[in-house]
Amino acid sequence: MGDPPGRPYIRIIIMAKKGITPRGEDYSQWYLDIINQAQLADYAPVRGCMVIRPNGYAIWEAIQRELDRRFKDTGHVNAYFPLFIPESFMKKEAEHVEGFAPECAVVTEGGGSKLEEKLYVRPTSETIMYAMYSKWIKSWRDLPLLINQWANIVRWEMRTRLFLRTLEFLWQEGHTAHATAEEAEEEALMILDLYAEFSENVLALSVVKGPKSDAEKFPGALVTYAIEAMMQDKKALQAGTSHNLSDHFAKVFDVQYQDREEKLQYVHQTSWGVSTRLIGAVIMAHSDDDGLVLPPKVAARQVVIVPIWKSDKEKTAVCVAGSELERDLRKAGIRVYLDDRDQYRPGFKFNQHEVEGVPMRVEIGPKDLEKKSVALKRRDGGDKIFVPMDEAVGKIKEQLDTMQRDMLARSKKFREDNTKDIDGYDAFREFIGSDSGWASSHWCGGADCETKVKDETKATIRVIPFKETDTGKCIICGKDSPKRVIFAKAY
RNA sequence: CGGGGCGUAGCGCAGCCUGGCUAGCGCGUCUGGUUUGGGUCCAGAAGGUCGUGGGUUCGAAUCCCGCCGCCCCGACCA
């Protein structure tokens with residue numbers, strides 16, 4: 001990998017601690033160091049592909065668990081569609097093919113001979129799913145159809161980055177069909193809210209909701225809604241999207257139903273997804289120079305108990321106390337691990353669990369036994385606190401809840417503090433050019449103005465916040481603007 | 001695809017400029033002992049087609065040419 005230019009000496013000294021480059025020195029190296037040190041992922045033998053290691057996959061499992069429950073609660077069911085999509089399917093919807101063709105992997109051979117029709121490895125599953133929907137949907141009684149699938153997909157990206165952009169990634173894609181345009185719009189917005197609620201309450205990631213500009217919308221959609229989050233380097237990261245597809249795909253895949261008046265109607269559809277990119281978002285939003293910091297709700301291990309001893313007699317005593325606490329915590333529904341490995345010293349364990357982002361550490365040593373107390377340390381900062389042994393479970397639970405809330409509050413404050421109303425194009429260029437955060441600025445809605453900003457500053461319109469209401473003048477062309485939009489550099 | 005960097009033990013690197021005899025170092029791993037409230041210490045051990053193909057040379061990790069791969073930055077994108 002090599003040293004970055006300049007200051008090699010300083011880097012060695014700073015890095016000596018845990019092999020993590022400080023954020024302030026090199027943000028993207030810091031991100032990679034966290035992933036490496038916390039053993040979240042590793043590079044695969046194929047360019048642009050990654051192996052998600054157990055520590056990283058556990059985060060994905062938590063995301064799946066939380067989201068899947070929410071999908072089921074709102075009436076959706078899971079299914080699985082094929083990885084391969086016939087070329088002809090991909091080419092049916094004009095915008096869709098134009099948007100995805102350049103980044104598709106295509107299979108031309110199978111079983112030793114050339115295929116009659118090429119097979120696309122799915123970059124998303126609209127086409128193959130809707131070909132099936134066409135068979136399944138005949139009557140208004142078949143609607144709405146609310147299907148989700150957990151799958152892997154492939155997009156042949158030029159430049160990749162662990163979790164944020166890899167050739168293959170894991171995601172969920174929901175695909176629904178409705179009788180009316182209103183119902184489809186309602187579904188798209190309901191899912192957007194679901195994503196936002198999940199993002200804030202589970203990932204502790206504050207987000208801004210709203211539609212995308214036409215330039216940023218999904219190929220084939222009528223409108224794309226998104227939730228956008230701010231990373232610690234003040235760049236934006238799209239954390240989830242929900243599309244109202246209108247009847248665009250229904251028309252090309254002939255998804256029609258007979259309504260109550262016996263008339264044939266096209267369905268109105270939505271699709272929506274979040275991916276393993278969210279793991280990257282969690283890492284970048286919360287972690288620090290000492291390693292990974294995870295919100296308790298996505299941590300595989302929420303609490304680690306580290307017993308401390310000198311003699312064998314002490315060892316027995318603290319381990320008994322430790323396993324009793326472990327049992328009680330587990331009974332209280334907390335994911336806990338008693339780290340009684342005797343080949344490592346406590347200091348080593350402290351560091352390891354900090355690097356790996358375990359939200360809370362509990363220390364039990366001879367002094368604690370004497371005082372009938374335990375020491376608690378939150379991963380997101382603060383001093384060690386001592387609590388009576390018989391109150392430990394309640395206190396730990398309370399601390400984890402507080403930590404979850406504090407992390408969201410910090411995420412929200414950071415985003416708000418670094419989002420500024422910017423008026424005037426000179427001020428805007430200065431603001432974006434100095435990587436100062438998100439610019440909330442007026443935009444007339446014109447594609448030309450949007451393109452100009454992108455070409456000249458690298459910033460794009462991330463989202464058109466629902467919240468904004470005040471009118472003004474477009475910072476680029478000076479024409480009337482209906483509302484402020486968020487401009488930012490993005491991942 | 002453009003710019004930059006790198007490829008030597010599981011990982012991180014030195015050695016290359018100025019060719020030479022047995023290719024080193026740190027971490028990790030293994031064995032034994034010692035330690036345990038913030039990354040213990042000591043002793044010993046295992047582990048390498050120097051990315052790959054060719055060339056120059058008495059001799060190549062080192063010089064020359066080709067190829068492959070990976071990482072970082074940019075254009076494209078969840």
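Letters go in sequence order (proteins before strands), and every chain restarts at 1.
- When the C1' atom of G28(B) is taken as reference, atom CD of Q39(A) falls 12 Å away, rounded to whole Å.
- Within the 4.0 angstrom heavy-atom criterion, no nucleotide atom of any strand lies near L237(A).
- Looking at K234(A) and D435(A), no side-chain N of the basic residue comes within less than 4.0 Å of a carboxylate O on the acidic one, giving no salt bridge.
- A donor-acceptor contact under 3.5 Å is not formed by the side chain of Q352(A) with the base of G39(B).
- Here U35(B) presents its P atom at 13 Å from CD of E314(A), a figure rounded to the nearest Å.
- The base-pairing partner of C1(B), taking Watson-Crick or G-U wobble contacts with both distances under 3.5 Å, is G74(B).
- The side chain of E354(A) sits closest to G38(B) out of A78(B), G37(B), G38(B).
- The pair E66(A)-R70(A) meets the salt-bridge criterion, with a side-chain N (NZ, NE, NH1 or NH2) lying under 4.0 Å from an Asp/Glu carboxylate O.
- The pair E216(A)-R462(A) meets the salt-bridge criterion, with a side-chain N (NZ, NE, NH1 or NH2) lying under 4.0 Å from an Asp/Glu carboxylate O.
- Comparing I308(A) and S275(A) against RNA chain B, the residue whose closest nucleotide sits nearer the 5' end is I308(A).
- To the nearest whole angstrom, the two C1' atoms, one in C73(B) and one in U36(B), are 46 Å apart.
- Only at 4.0 angstrom or more do the heavy atoms of residues 219-231 of chain A sit from any atom of RNA chain B, so none qualifies.
- A salt bridge between D193(A) and K209(A) is present, with a side-chain N of the basic residue lying under 4.0 Å from a carboxylate O of the acidic one.
- The side-chain tip of K235(A) points at the ring of Y491(A) from less than 6.0 angstrom away and within 45° of straight on.
- Among the protein residues, P102(A) comes within range of no part of the nucleic acid, since none of its heavy atoms lies under 4.0 Å from any strand.
- Distance, E216(A) CD to C76(B) C1': 12 Å, rounded to whole Å.
- Across the P atoms, C11(B) and C1(B) are found 28 Å apart, a figure rounded to whole Å.
- Each of D342(A) and G48(A) has a nearest nucleotide on RNA chain B; the 5'-most of these lies closest to D342(A).
- Comparing U62(B) with G51(B), their C1' atoms are spaced 16 Å from each other, to the whole Å.
- In this structure, Y344(A) atom OH and G39(B) atom C1' are separated by 12 Å, rounded to whole Å.
- Within 4.0 Å of K367(A), counting heavy atoms only, lies at least one base atom of the nucleic acid.
- Atom pair Y195(A):OH and A78(B):C1' shows a separation of 11 Å (rounding to whole Å applied).
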Kindly give the atom pairs (protein nitrogen or oxygen, nucleotide nitrogen or oxygen) under 3.5 Å for nucleotides 72-75 of chain B.
residue, atom, partner, partner atom, Å
C73(B), OP1, S28(A), OG, 3.2
C73(B), OP2, R159(A), NH2, 2.2
G74(B), OP2, R159(A), NH1, 3.0
A75(B), OP1, K458(A), NZ, 3.2

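- C71(B) and G12(B): their C1' atoms are spaced 15 Å apart (whole Å).
- G69(B): Watson-Crick or G-U partner is C6(B), with both key distances under 3.5 Å.
- For residues 274-309 of chain A, no residue pair satisfies the ring-ring contact (aromatic ring centres under 6.0 Å, His included) rule, not counting sequence neighbours.
- K72(A) has a carboxylate O that lies under 4.0 Å from a charged side-chain N of D68(A), or vice versa, which qualifies the two as a salt bridge.
- With respect to R361(A) and E363(A), a salt bridge is recorded, a charged nitrogen being found less than 4.0 Å from a carboxylate O.
- Distance check on atom P: U18(B) versus G10(B) gives 31 Å, rounded to whole Å.
- The shortest distance between the side-chain N/O atoms of R155(A) and the OP1/OP2 oxygens of A78(B) is not below 4.0 Å.
- Partner assigned to G26(B) is C11(B), using Watson-Crick or G-U wobble distances below 3.5 angstrom.
- The main-chain N or O of M284(A) is found under 3.5 Å from a side-chain atom of Q232(A) such that the two form a donor-acceptor pair.
- E185(A) and Y225(A) are linked by a side-chain donor-acceptor pair at a separation below 3.5 angstrom, with hydrogens and angles left out of the test.
- Taking atom CG on D42(A) and atom P on G10(B), their separation rounds to 14 Å, with Å as the unit.
- Across C25(B) and C42(B), the matching P atoms stand 16 Å from one another, rounded to whole Å.
- Under the Watson-Crick or G-U wobble criterion, with both distances below 3.5 Å, U36(B) is left unpaired in every strand shown.
- Heavy atoms of E157(A) sit under 4.0 angstrom from at least one base atom.
- Remark: A61(B) base-pairs with no nucleotide; criterion is Watson-Crick or G-U wobble with both hydrogen-bond distances under 3.5 Å.
- Residue contacts shown for R341(A) are absent, as no nucleic acid heavy atom lies under 4.0 Å away.
- If you measure from atom CG of N351(A) to atom P of G28(B), you get 13 Å, rounded to the nearest angstrom.
- The partner of G47(B) is absent, by the rule that a Watson-Crick or G-U pair needs both atom distances under 3.5 Å.
- For the pair K315(A) and D340(A), the salt-bridge criterion is not met [side-chain N within less than 4.0 Å of a carboxylate O].
- Looking only at side-chain heavy atoms (C-beta outward), L400(A) and Q302(A) come within less than 4.5 Å of each other.
- Here U35(B) presents its P atom at 14 Å from CH2 of W309(A), a figure rounded to the nearest Å.
- G28(B) and A23(B) have their P atoms separated by 25 Å, given to the nearest Å.
- Comparing the same atom, C1', in G15(B) and in G48(B) gives a spacing of 15 Å after rounding to whole Å.
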